[in-house]
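Okay, so here's the structure we're looking at.
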Amino acid sequence: MFNSIKGQLFVGLSTIVSAVMLAIGVFFYYEIDYILFASVDRMLHSKVQIIKGLIHEEHGYIELELAEIVAGDYDIPRSGHYYKVLMDGKVLAASASLVEQDYALDTDNSSSGSNEIIYTSIGPAGETIRVVRNRFVYMGRDFTVYAAESITETLGVLHNFKKILIFAFPLGVFVLCGVSLLIVHLSLRTVRVLSSKIEAITEKTIDQRIAPDVQVYELRSLARSFNVALGRIQRAFEAEKRLICNASHEMKTPISVIRSHCDVLLQKDRTLGEYKEALESIRHVSTGMMNLVGNLLSLARLDSGALEPGSFNPVHIRRCLDEIIQLVQPLALKRNVTVQHSCEDKVVVYCDRDRLIEALLNIVENAVKYNKADGSVLITTHETAVNVAITITDTGIGIPEADQKRIFERFYRGEAAAREFDDGTGLGLSIAETIIKAHGGTICVESRIDVGSSFTVVLPARERL
Ligand code: ADP
């Protein structure tokens with residue numbers, strides 16, 4: 001129950017409803033108790049004051065004008081209304097029921113210093129009564145005036161109210177919990193509809209989207225986020241499919257070249273020279289395949305998140321560039337291209353060293369490969385407070401403007417490159433871009449046909465927080 005939103009909402013709402021109702025019930029009970037007792041106490045206090053006012057002295061005797069007081073409720077025995085006046089401890093006057101039963105009224109013997117006290121006691125008929133006792137001195141005599149009132153009815157009202165509360169509380173809680181459950185159920189209906197729509201999406205219907213007309217406002221943004229996430233998954237899914245398609249296509253050509261060489265060789269006996277020539281071609285084609293497989297492996301590793309910022313360290317760019325120039329030297333010598341860098345010692349980039357070398361090597365190799373004979377490649381660095389920019393400039397064939405947007409796509413090869421250099425895979429720049437982006441960096445190109453190209457890689461100099 002606690003694992004579901006419905007359960008949590010229901011339990012939460014029910015607890016709050018019960019607590020609020022209990023608090024309201026208790027509050028009203030004590031408020032009514034206070035009001036009822038306060039009104040009885042006020043009335044008794046007034047009666048005591050009236051009785052006090054009626055005590056007077058006449059011809060040297062203290063008298064109490066009974067006629068006015070005894071009239072009314074006090075005159076009726078068992079009326080529930082009582083008074084008694086003591087003078088020097090002796091009864092001066094008392095209401096009919098007290099006269100009859102000689103009831104003391106003074107069950108509260110508190111030694112309170114105050115003149116007037118109020119207390120609850122038991123009346124002559126065994127009922128609960130409220131008593132106001134007032135002590136004072138008049139004409140040198142000690143007077144005590146009691147006024148009392150049966151509060152059986154008041155207690156009855158309170159008792160009935162308590163009974164109503166005890167009955168109404170569980171009923172109210174039950175009804176309100178039922179209403180909360182209904183509200184929760186109705187509110188979550190949209191969630192159920194949404195989740196069934198999401199469940200219906202499979203790899204075959206991955207292009208479907210959740211309609212943005214979801215009734216509940218909060219779920220609209222959930223639906224939007226889901227659509228955005230689905231869009232990303234769809235793009236990755238399609239890229240994966242494209243990659244498999246392209247990889248199979250790229251592998252098919254060299255394999256069929258090897259196969260046809262073998263078929264031709266096997267047709268009849270060949271001379272040693274012919275065998276050698278065929279083996280040379282097979283070797284060349286299989287080297288291309290090895291490059292392709294190596295690049296595909298790199299991409300697969302990168303796509304599966306092999307580059308984690310946790311594995312990044314401060315790396316001296318100068319040493320990396322030295323290593324890259326050494327690695328590219330055989331190709332540069334073959335094509336008579338000079339490769340140099342002008343990086344200072346202290347330039348540091350925060351990265352995975354091996355992957356950075358792989359990325360830069362792909363760019364520098366291209367700069368040599370797509371250069372003119374006797375051309376040159378210059379690598380420069382520019383350091384700012386937060387970034388390091390590495391620019392690889394060549395004097396090569398240049399890249400047509402239309403191609404500049406596409407050269408980072410997987411398997412994309414420029415027309416001239418595909419025509420003149422058959423050992424490319426079209427994956428070098430996309431690997432470089434993936435590595436650089438994983439470092440939080442950027443790569444861009446500027447190029448002019450027959451003048452040369454300039455690739456600029458910008459990488460963070462420090463750890464990103
Ligand atoms: P590959 O070099 O194997 O073809 P890349 O992904 O490394 O694949 O490069 C993609 C394309 O970008 C190349 O086919 C080429 O047309 C173009 N290119 C990359 N670097 C350069 C460069 N320095 N000069 C001219 N063209 C380049």
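For the pair P314 and V349, the minimum side-chain heavy-atom distance is 4.5 Å or more. Taking 4.5 Å as the limit, some side-chain heavy atom of L427 sits within range of a side-chain heavy atom of L296. In this structure, V377 and T393 have side chains that are not in contact, with every pair of non-hydrogen atoms separated by 4.5 Å or more. Contact check for N371 versus T395: side-chain heavy atoms found under the 4.5 Å cut-off. Residues F455 and I407 are in side-chain contact: their nearest non-hydrogen atoms beyond the backbone lie under 4.5 Å apart. I431 places a side-chain heavy atom less than 4.5 Å from the side chain of L302. Annotation: side chain of H341 is in contact with side chain of I325 (closest heavy-atom distance under 4.5 Å). Using a 4.5 Å heavy-atom cutoff, the side chains of F312 and L307 are in contact.
The two residues T381 and E344 make their nearest non-hydrogen contact at OG1-N, 4.5 Å. When all heavy atoms of F226 and I210 are compared, the pair lying nearest together is CD2-CG1, 3.7 Å. Closest of all the heavy-atom pairs between L321 and C343 is CD1-CB, 3.8 Å. Between Y275 and K268 the shortest heavy-atom distance is OH-O, 4.4 Å. Of all non-hydrogen atoms in H439 and P460, the two that sit nearest each other are O-CG, 3.2 Å. The heavy-atom pair separating D403 from G414 by the smallest distance is OD2-CA, 3.6 Å.
Listed for the N291 side chain is no donor-acceptor partner under 3.5 Å among the backbone atoms of T425. A donor-acceptor pair under 3.5 Å links the side-chain atoms of T434 to the main chain of S430, judged by distance alone. The main-chain N or O of K369 is found under 3.5 Å from a side-chain atom of R335 such that the two form a donor-acceptor pair. K346 contributes no side-chain N or O that, together with a main-chain N or O of H316, makes up a donor-acceptor pair within less than 3.5 Å. Between the H45 side chain and the V132 main chain, no donor and acceptor come within less than 3.5 Å of each other. The backbone N or O of I118 lies less than 3.5 Å from no partner atom in the side chain of R130, so there is not a single donor-acceptor pair. A donor-acceptor pair under 3.5 Å is formed between the side chain of T271 and the backbone N or O of E274. Side-chain atoms of D394 come within 3.5 Å of backbone atoms of S453 as a donor-acceptor pair (strictly under, hydrogens ignored). Using a distance-only test at 3.5 Å, with no hydrogens or angles considered, a donor-acceptor pair links the side chain of R209 to the main chain of I206. One N or O on the side chain of S46 and one on the backbone of R42 form a donor-acceptor pair closer than 3.5 Å.
Residue E277 places its CD atom among 12 or fewer non-hydrogen atoms of other residues, nucleotides or ligands, all under 6.0 Å distant. Annotation: R283, atom CZ; neighbour count of heavy atoms from other residues, nucleotides and ligands within 6.0 Å does not exceed 12. The environment of E127 atom CD is dense: over 12 non-hydrogen atoms of other residues, nucleotides or ligands sit within 6.0 angstrom. Within a 6.0 Å sphere centred on CZ of R270, other residues, nucleotides and ligands contribute more than 12 heavy atoms. Environment of CZ in R448: sparse, with no more than 12 heavy atoms of neighbouring residues, nucleotides or ligands closer than 6.0 Å.
Separating the CD1 atom in I435 from the OG atom in S298 is a distance of 6.5 Å, to the nearest 0.5 Å. Note that the CZ atom of R410 and the CG atom of D303 stand 4.0 Å from one another [nearest 0.5 Å]. A distance of 6.0 Å separates CG in L361 from CD1 in I324, rounded to the nearest 0.5 Å. With values rounded to the nearest 0.5 angstrom, N134 atom CG is found 10.0 Å from I117 atom CD1. Rounding to the nearest 0.5 angstrom, the gap separating the CD1 atom in I244 from the NE2 atom in H249 is 15.5 Å. The distance from the CZ atom of R318 to the CG atom of D322 is 5.5 Å, given to the nearest 0.5 Å.
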L158 and N160: CA distance, side-chain angles, deciding distance, side-chain contact (heavy atoms from CB on, under 4.5 Å) verdict: CA-CA 5 Å; L158 278 173; N160 283 343; over 6 Å; no
I'd like to know whether L222 forms a side-chain contact (heavy atoms from CB on, under 4.5 Å) with L194, so could you lay out the CA-CA distance, the side-chain angles of the two residues, the decisive distance to 0.1 Å, and finally the verdict. CA-CA 9 Å; L222 180 73; L194 191 68; 3.6 Å; yes
Begin with the C-alpha distance, continue with both residues' side-chain angles, and end with the deciding distance and a verdict on side-chain contact (heavy atoms from CB on, under 4.5 Å) for V364 and V339. CA-CA 9 Å; V364 176; V339 187; 4.2 Å; yes
Step-by-step side-chain contact (heavy atoms from CB on, under 4.5 Å) determination, E149 to M43: CA-CA 9 Å; E149 187 87 27; M43 191 259 289; 3.1 Å; yes
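Side-chain N/O atoms of T15 and S18 include no donor and acceptor closer than 3.5 Å. There is a side-chain donor-acceptor pair under 3.5 Å between S150 and T152.
For R353, the side chain to side chain donor-acceptor pair (under 3.5 Å) partners at least two apart in sequence or on another chain are E323. Contacts of Y370 classified as ring pair (Phe, Tyr, Trp, His ring centres under 6.0 Å), with partners at least two apart in sequence or in another chain: F421. Legend: residues meeting salt bridge (Lys or Arg N to Asp or Glu O under 4.0 Å) with E433, ordered by chain and number and at least two apart, are K437.
Looking at E238 and R235, no side-chain N of the basic residue comes within less than 4.0 Å of a carboxylate O on the acidic one, giving no salt bridge.
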